[in-house]
Protein chains: 2
Amino acid sequence: MKSNKAPTIKDVAKKSHTGIATVSRVINNSGKVSENTKNRILKAIDELGYTPNLHARSLSSKKGNSISLVIPDMGEFYGILYKYIEKNLAQMGYRVIVFPLVDEISLAKIKNKADLIYQTDAVFISSLSVRKIFKDKIPQKKLILVDSKDDRFDSIYIDNYDIGVKAAEYLLSKSKTTEKYLLISFKELENDFTSHVFKYRDEGFLDTMKKHKKRVKKIDADLYWDGGYEAMKKYSSKNSINKSKVNVFATCDMLGFGVRNFFNEKNLLPNKNYNLIGVDDIPISKVIGLTTIHQPLELMADNAVGIFKKFLENKEKKITHKKIESKLIVRET
Amino acid sequence: MKSNKAPTIKDVAKKSHTGIATVSRVINNSGKVSENTKNRILKAIDELGYTPNLHARSLSSKKGNSISLVIPDMGEFYGILYKYIEKNLAQMGYRVIVFPLVDEISLAKIKNKADLIYQTDAVFISSLSVRKIFKDKIPQKKLILVDSKDDRFDSIYIDNYDIGVKAAEYLLSKSKTTEKYLLISFKELENDFTSHVFKYRDEGFLDTMKKHKKRVKKIDADLYWDGGYEAMKKYSSKNSINKSKVNVFATCDMLGFGVRNFFNEKNLLPNKNYNLIGVDDIPISKVIGLTTIHQPLELMADNAVGIFKKFLENKEKKITHKKIESKLIVRET
DNA sequence: CTGAAAGCGCTTACAG
DNA sequence: CTGAAAGCGCTTACAG
């Protein structure tokens with residue numbers, strides 16, 4: 001009867017009548033090993049059902065072969081980002097470990113210095129503020145920001161102020177003088193999760209509208225699928241929505257979704273009764289014909305991985321800041 | 001000038017004039033340590049910015065303090081499941097590492113015996129077939145199936161055949177003799193990702209309809225936000241949709257979403273012109289008023305973690321099969 | 001091409 | 001309450 005414990009490299013060595021160093025070589029495909037011994041070892045590995053212990057490997061090699069990806073929530077948007085990053089890194093033999101900051105518990109875990117996140121070779125942080133998350137105890141790791149910016153760290157980012165400007169210009173191009181302008185946005189709470197992306201989008205939009213002497217009514221909405229709907233409902237209860245065209249900037253597609261729903265329900269038509277633009281270009285936006293501002297996730301992922309690669313190669317200390325252009329996608333609304 | 005390397009337990013011991021065993025004790029809060037030495041050690045840890053090496057810890061303690069969660073994709077649905085599992089496990093000091101099988105690459109990684117997944121203390125598999133994923137090389141780990149069933153492993157599952165039955169009964173209760181019945185479903189490819197959930201839902205629905213002598217038109221759809229829409233468009237190009245009421249079972253809410261969109265666009269009304277039921281009860285379903293069959297994710301997560309807890313306690317070998325009841329949620333459609 | 005040995009940074013009896 | 005020492009399963013010079 002076999003022992004219950006998982007077989008180790010020692011067991012493999014014994015069974016194949018070699019030393020552990022040689023076994024290690026064939027496992028890692030490093031160094032020269034004769035065909036004959038190699039086959040003996042492979043056979044033993046197979047028969048034993050041997051699996052290398054990653055902890056031992058990492059401990060002795062000083063490499064984790066993994067990176068962390070910190071994201072604000074686990075939804076479709078970040079799923080896409082994950083996919084692009086994973087695709088790149090998998091080829092390099094790296095694992096990407098996801099850390100969704102879904103609640104206070106997961107935030108607390110990350111702040112604990114004994115957490116897994118501190119064992120990975122680099123930390124990719126998406127859409128979140130390093131300062132807020134880690135406070136003063138920033139991990140002594142390679143940090144790469146994706147979709148946000150911090151002077152102290154490598155950053156791949158999009159100019160959110162510019163997004164607001166683009167949204168304003170789109171709506172202005174579609175409208176005449178006497179129309180109404182609405183800004184439906186999420187009012188971020190000042191806590192550890194705050195990213196300020198909404199704030200910047202708001203500002204870009206508001207500033208541009210002011211420049212064109214347009215008055216804008218701002219409405220706070222919940223960051224949820226019906227957030228935009230409820231905001232519009234509230235607005236329409238005090239303002240007429242049929243008299244003149246309404247132009248709406250929803251600062252993310254999730255909010256845009258709700259707004260679109262609202263207009264549909266009232267049988268109001270895009271271009272005629274309203275215009276609407278969102279941000280993100282999540283998959284569902286295409287389906288509902290929502291005009292939006294696209295965030296090039298693939299490009300961001302590629303750039304982030306590129307920085308990581310360079311880091312691995314020559315440990316260069318220079319910090320890279322790469323700005324990615326967002327793109328207007330005109331659809332029905 | 002300080003050394004570049006990360007401080008180890010040895011450095012802490014030296015700085016606090018103790019042994020590494022004692023340092024280990026205060027880090028892990030185990031055993032008795034006098035207040036005085038404890039404070040000295042804590043101070044040293046803080047000054048050094050010491051972080052325990054998890055690989056070393058796992059290697060010597062034989063515990064990973066983590067579990068794997070394998071999911072078919074990274075979207076809102078599994079995000080919710082993750083959240084519930086994580087909430088439970090975090091309190092126990094465990095990390096949950098997500099393995100989204102988004103493409104062939106990620107599948108290949110999992111099959112590699114050297115993968116991270118084999119280092120965790122247990123593997124939770126959601127909505128996927130163990131047989132298909134791991135083939136004959138099933139990991140010698142505690143496997144817990146969430147939302148699927150396998151006689152060989154602990155399973156928390158929902159009866160998908162029964163879901164089909166429930167959907168049929170709902171539509172029958174809303175309809176009269178002469179009406180039309182549509183089944184809009186995803187035709188699973190026979191590959192490693194196949195879970196057969198759709199197949200069982202189809203069967204439960206079809207069998208029940210047959211029992212009631214109703215003819216059903218089945219339409220294959222893409223598993224995407226506009227899958228249901230396209231399916232309906234195809235159907236309506238050859239069949240009238242206005243004459244008599246149409247009753248549709250979309251085998252998941254994502255498909256139901258598209259169907260609902262289609263009817264909206266045609267200005268057709270629920271209960272009057274059509275009835276529609278989906279499955280899953282994803283957040284967006286509530287917003288669009290989609291009648292659906294709810295999957296109790298929280299309950300499933302709790303049960304799965306419960307099994308894991310028992311496993312940790314007494315290493316019991318008995319396999320648990322727990323069936324969870326799905327629940328009809330009636331909304332507008 | 002191959003193997004014995006040191007060492008990675010911890011935990012855990014063990015002895016005091 | 002405390003510390004020296006063995007051991008976890010690997011990788012990597014080093015010597016052959």
Side-chain angles (χ1 to χ4, degrees), chain A residues 3-42 44-45 48-66 93 113-116 118-119 121 140, chain B residues 3-42 44-45 48-66 93 113-116 118-119 121 140:
Chain A
S3 153
N4 248 339
K5 300 175 67 274
T8 72
I9 198 171
K10 234 174 179 167
D11 300 318
V12 176
K14 197 177 293 171
K15 193 173 180 96
S16 57
H17 304 290
T18 48
I20 59 169
T22 310
V23 175
S24 175
R25 280 181 201 107
V26 346
I27 293 169
N28 297 294
N29 228 289
S30 63
K32 300 272 135 195
V33 181
S34 76
E35 273 307 302
N36 190 293
T37 35
K38 185 172 178 177
N39 286 142
R40 264 195 350 261
I41 290 171
L42 253 19
I45 287 177
L48 253 26
Y50 166 73
T51 309
N53 183 314
L54 253 43
H55 298 303
R57 176 178 286 179
S58 296
L59 178 58
S60 86
S61 73
K62 303 281 189 188
K63 288 185 296 181
N65 288 313
S66 61
K113 292 192 157 191
D115 194 64
L116 219 199
Y118 298 96
Q119 309 292 322
D121 300 321
Q140 300 305 309
Chain B
S3 153
N4 248 338
K5 301 175 67 271
T8 72
I9 198 171
K10 231 171 179 169
D11 299 319
V12 176
K14 197 176 293 172
K15 195 173 179 100
S16 57
H17 304 289
T18 49
I20 60 170
T22 310
V23 176
S24 175
R25 280 180 201 108
V26 346
I27 293 169
N28 297 294
N29 229 289
S30 62
K32 300 270 134 196
V33 180
S34 75
E35 273 307 301
N36 190 294
T37 35
K38 186 172 176 178
N39 286 141
R40 260 189 1 256
I41 290 171
L42 253 17
I45 287 177
L48 253 26
Y50 166 73
T51 309
N53 182 315
L54 254 41
H55 298 302
R57 174 179 288 179
S58 295
L59 179 59
S60 87
S61 73
K62 303 280 189 187
K63 288 185 296 181
N65 288 313
S66 62
K113 293 192 154 191
D115 195 65
L116 219 199
Y118 298 96
Q119 310 292 324
D121 299 320
Q140 301 303 312

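Every chain is numbered from 1 and lettered A, B, ... according to where its sequence line falls, protein lines coming before strand lines. The shown structure was predicted, so the numbers you read here are calculated from the model rather than taken from an experiment.
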Quiz item: Atom NE2 of A:His55 to atom P of C:dG7: distance rounded to whole Å?
Solution: 24 Å
Quiz item: Is there a side-chain polar atom (N or O) of A:Thr22 under 4.0 Å from OP1 or OP2 of C:dG3?
Solution: yes
Practice problem: For B:Pro7 and for A:Ser34, locate the closest nucleotide of DNA chain C by heavy-atom distance; then report the residue assigned to the nucleotide nearer the 5' terminus. | Solution: A:Ser34
With 3.5 Å as the limit, what N/O pairs link the protein to nucleotides 11-15 of chain C?
residue, atom, partner, partner atom, Å
C:dT11, OP1, B:Asn28, OD1, 3.3
C:dT11, OP1, B:Asn28, ND2, 2.8
C:dT11, OP1, B:Arg57, NE, 3.0
C:dT11, OP2, B:Ser24, OG, 2.5
C:dT11, OP2, B:Asn28, ND2, 3.3
C:dT11, O4', B:Ser60, OG, 2.4

Quiz item: Going from OG1 on A:Thr51 to CD1 on A:Ile9, what distance comes out if it is rounded to the nearest 0.5 angstrom?
Solution: 12.5 Å
Self-check item: Distance in angstrom units between B:Gln119 CD and D:dC8 C1', rounded
Solution: 13 Å
Quiz item: Does B:Thr37 place a side-chain N or O at less than 4.0 Å from the phosphate oxygens OP1/OP2 of D:dT2?
Solution: yes
Quiz item: What is the distance from OH of A:Tyr118 to C1' of C:dG9, rounded to the nearest Å?
Solution: 19 Å
Quiz item: Rounded to whole angstroms, how far apart are CD1 on B:Ile41 and C1' on D:dT2?
Solution: 10 Å
Practice problem: Check the distance between C:dC1's P and A:Asn29's CG and give it to me in whole angstrom. | Solution: 13 Å
Practice problem: Round to the nearest Å and state the distance from B:Leu48 atom CG to C:dG9 atom C1'. | Solution: 14 Å
Quiz item: What pairs with A:Asp115 under salt bridge (charged side-chain N to carboxylate O under 4.0 Å, His left out), at least two apart in sequence or on another chain?
Solution: B:Arg95
Practice problem: Find the distance B:Lys14:NZ to C:dG9:C1' and express it as a whole number of Å. | Solution: 14 Å
Exercise. Quick one: pull up NZ in A:Lys63 and NE2 in B:His55 and give me the separation to the nearest 0.5 Å.
Key: 12.0 Å
Quiz prompt | Side-chain N,O (A:Lys38) to OP1/OP2 (C:dC1) below 4.0 Å | solution = no
Quiz item: If a stem is a run of at least 3 consecutive Watson-Crick or G-U pairs, both distances under 3.5 Å, which stems include DNA chain D?
Solution: C:1-3 with D:14-16, C:5-12 with D:5-12, C:14-16 with D:1-3
Quiz prompt | Length of the line joining A:Leu59:CG and C:dG9:P, which is rounded to integer Å | solution = 7 Å
Self-check item: Separation of the P atoms in C:dC14 and C:dC10, to the nearest angstrom
Solution: 23 Å
Self-check item: Distance, nearest 0.5 Å, that separates OG of B:Ser16 from CD1 of B:Ile45
Solution: 8.0 Å
